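Let me begin by presenting the structure, written as structure tokens, before commenting on it.
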Amino acid sequence: MVRLNSQLYLAVALSILGLAVLLQVMRYKPQAGAGRGLHLAQLLPTEISSWTSRVVPLGATEASEGKVEEILKFDDVFSREYKSEGRSLGLYVAYWKPGGMPTQVVASHTPDRCWSSAGWHCDDQKHAVSLPGLRPGEWRIFSIEDGPKLKVMFWVLVGDELYDFGDRFTRIPSPWRWWRDVAKQIFRAPPEQYFIRLTSSVPFDQLEDDLGYQELLAALAELGLAAKDEGRR
């Protein structure tokens, strides 16, 4: 009985602490920085060698419900598809200025969650996979009924740090990482953040000798994904 009471008291105390933290988060609004404004179209290629390209409107795969812009409140976005010889590449990048969006919200904006909610199925997954010259990211294969199988890489940059999703499927965010990010940002606004997603209709390693693909990877490296020796966030 004493042990049961101790466990009950501990659970109540942790619940009260969690509620206090949540209330503080709701009351406190970190001051947002100026940010970079609209800059992605200048940093990322609208055209790459030997590929045609087009703007891709944002849709159901970018958010689980409702209007994308109203949910994600990004400060800039880049969404483009490139095609060549029956192959396709897709690049989607969203940007939030300092203080613009809590990290736990940005980190929940993944294909694991948004694509799954839109009817896609994850057929395979790997963690800490690196494309040539880039920092490690999350690798997936997604498919949809009567549709294509897409190879997917995605990253979240928090300032200069690479967000670490852990070795798990992220449709349901990690509770520990969620509360960690809340605690870090109660009194300090999050830095600028990027969500970056690259998709391909063919395996990425089949494109390594393609000049247009190399140009795309070089642009992502300049954006902040250049390979480094440091660990992930």
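Computed from a predicted model, the values in this text were never measured in an experiment.
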Counterpart residues, side-chain hydrogen bond (donor to acceptor under 3.5 Å, both in side chains), relative to E81 (two or more places apart): R54
Using side-chain hydrogen bond (donor to acceptor under 3.5 Å, both in side chains) as the criterion, list what pairs up with K83, not counting sequence neighbours. none
By salt bridge (Lys or Arg N to Asp or Glu O under 4.0 Å), D123 pairs with (sequence neighbours left out) K149
Residue pairs passing the salt bridge (charged side-chain N to carboxylate O under 4.0 Å, His left out) test where at least one lies in residues 201-227, sequence neighbours excluded: R87-D210
Scan for salt bridge (charged side-chain N to carboxylate O under 4.0 Å, His left out) pairs involving residues 192-201, sequence neighbours excluded, and state none if there are none.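 Sorted pair list: R36-E192, E62-R197.
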Using the ring centroid of each side chain, check whether F165 and F154 are separated by less than 6.0 Å. yes
Mind checking whether H39 and Y194 have parallel, tilted or perpendicular rings, split at 30° and 60°?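 Correct class here is perpendicular.
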Please state whether the rings of H109 and F195 are parallel, tilted or perpendicular, taking 30° and 60° as the class boundaries. tilted
When you measure from the side chain of [X] to the backbone of [Y], do you find a donor-acceptor pair of N or O atoms at a distance under 3.5 Å?
| X | Y | result |
| --- | --- | --- |
| S108 | V105 | yes |
| S88 | Y82 | no |
| R80 | T46 | yes |
| W120 | P111 | no |
| S143 | P148 | no |

Are any of the side-chain nitrogens in D112 or R140 under 4.0 Å away from the carboxylate oxygens of its partner?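 Yes, charged N to carboxylate O under 4.0 Å.
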Who pairs with F78 by ring-ring contact (aromatic ring centres under 6.0 Å, His included), at least two apart in sequence or on another chain?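 By the ring-ring contact (aromatic ring centres under 6.0 Å, His included) rule, F78 matches no residue at all.
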